[in-house]
Enquirer: 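Before we start, here is the structure in question, set down as structure tokens.
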Amino acid sequence: MKLYNNSNKKELASLIGSNVRYYRNLYNLNHKEQITQAALAEMIGVSTGLIGTLESEKQMVSVPVLWNISQVLDIRMDQLFEDTKIK
């Protein structure tokens, strides 16, 4: 089991950010309506800048924000924490 702490917080932010970007792009491939960073931000009530810094793997966000992102993108929240390296 891998535990996260202050020394590897950046690694977790990178993992979550890349997964958010991946699943948003996957959603856009599979649906007629496109969800931009700005649209996602508006849907969940945060700034576009927050989504941008999250997807650029520089920002950690709260669990409620991650929950809202997962709901909009129609994925399970735990998928944002998967380290698949296949993407």
Side-chain angles (χ1 to χ4, degrees):
M1 174 189 337
K2 184 172 187 175
L3 300 177
Y4 286 93
N5 54 45
N6 282 336
S7 67
N8 57 10
K9 190 186 299 186
K10 195 171 193 169
E11 182 182 332
L12 180 59
S14 177
L15 174 67
I16 292 170
S18 66
N19 283 337
V20 169
R21 184 176 54 253
Y22 171 79
Y23 285 112
R24 185 175 61 79
N25 290 329
L26 186 63
Y27 181 95
N28 289 341
L29 286 173
N30 295 322
H31 294 83
K32 286 184 179 182
E33 71 276 1
Q34 301 291 293
I35 297 180
T36 63
Q37 287 182 350
L40 178 59
E42 185 176 328
M43 290 174 173
I44 65 171
V46 299
S47 71
T48 302
L50 181 88
I51 299 299
T53 56
L54 172 63
E55 286 191 6
S56 66
E57 306 173 15
K58 297 176 184 170
Q59 176 84 25
M60 189 63 104
V61 295
S62 68
V63 170
V65 169
L66 293 176
W67 173 259
N68 291 339
I69 289 171
S70 72
Q71 296 304 291
V72 169
L73 299 180
D74 195 27
I75 60 171
R76 297 182 328 270
M77 191 168 112
D78 66 284
Q79 289 176 271
L80 298 175
F81 295 89
E82 291 177 349
D83 188 10
T84 60
K85 304 285 189 218
I86 296 172
K87 301 174 208 146

Enquirer: Can you list, pair by pair, the side-chain donor-acceptor contacts under 3.5 Å of residues 47-56, counting residues two or more places apart and other chains?
Expert:
from  : atom 1 : to    : atom 2 : distance (Å)
Ser47 : OG     : Leu50 : N      : 3.0
Thr53 : OG1    : Gly49 : O      : 3.1
Thr53 : OG1    : Leu50 : O      : 3.1
Glu55 : OE1    : Arg24 : NH2    : 2.9
Glu55 : OE1    : Gln37 : NE2    : 2.9
Glu55 : OE2    : Arg24 : NE     : 2.6
Ser56 : OG     : Gly52 : O      : 3.1
Ser56 : OG     : Thr53 : O      : 3.1

Enquirer: Quick check against the 3.5 Å criterion: does Glu57 have a side-chain atom that pairs as donor or acceptor with the backbone of Gly17?
Expert: no
Enquirer: Can you list every side-chain hydrogen bond (donor to acceptor under 3.5 Å, both in side chains) pair that touches residues 61-77, not counting sequence neighbours?
Expert: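 Residue pairs passing side-chain hydrogen bond (donor to acceptor under 3.5 Å, both in side chains), neighbours aside: Arg76-Asp78.
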Enquirer: With sequence neighbours excluded, tell me which residues meet salt bridge (charged side-chain N to carboxylate O under 4.0 Å, His left out) with Glu11.
Expert: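 With neighbours one apart ignored, the set is Lys2.
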Enquirer: Which is it for Leu73 and Gln79 under the side-chain contact (heavy atoms from CB on, under 4.5 Å) test, yes or no, and what are the steps along the way?
Expert: CA-CA 11 Å; Leu73 299 180; Gln79 289 176 271; over 6 Å; no
Enquirer: Can you name the nearest heavy-atom pair linking Asn19 to Leu80, along with the distance?
Expert: ND2-O, 2.9 Å
Enquirer: Hey, could you give me each pair passing ring pair (Phe, Tyr, Trp, His ring centres under 6.0 Å) that has a residue in residues 25-63? Not counting sequence neighbours.
Expert: Tyr27-His31
Enquirer: Do you know the tightest heavy-atom contact between Leu15 and Phe81?
Expert: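 That would be CD2-O, 3.2 Å.
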Enquirer: Can a donor-acceptor pair be found, under 3.5 Å and without considering hydrogens, that links the side chain of Ser18 to the backbone of Ser14?
Expert: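 At least one qualifying donor-acceptor pair exists.
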Enquirer: Leu26: which residues meet the side chain to side chain contact (heavy atoms under 4.5 Å, CB included) condition with it, sequence neighbours left out?
Expert: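 Counting only residues at least two positions away or on another chain, Leu26 forms a side chain to side chain contact (heavy atoms under 4.5 Å, CB included) with Tyr22, Tyr23, Asn30.
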Enquirer: Could you state whether Met43 and Val63 fall into the same hydrophobic cluster, counting links through intermediate Ile, Leu, Val, Met, Phe, Trp or Tyr residues with side-chain heavy atoms under 4.5 angstrom apart?
Expert: yes
Enquirer: For residues 39-48, which residue pairs pass the salt bridge (Lys or Arg N to Asp or Glu O under 4.0 Å) check, not counting sequence neighbours?
Expert: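 Counting only pairs at least two positions apart or across chains, no salt bridge (Lys or Arg N to Asp or Glu O under 4.0 Å) contact touches residues 39-48.
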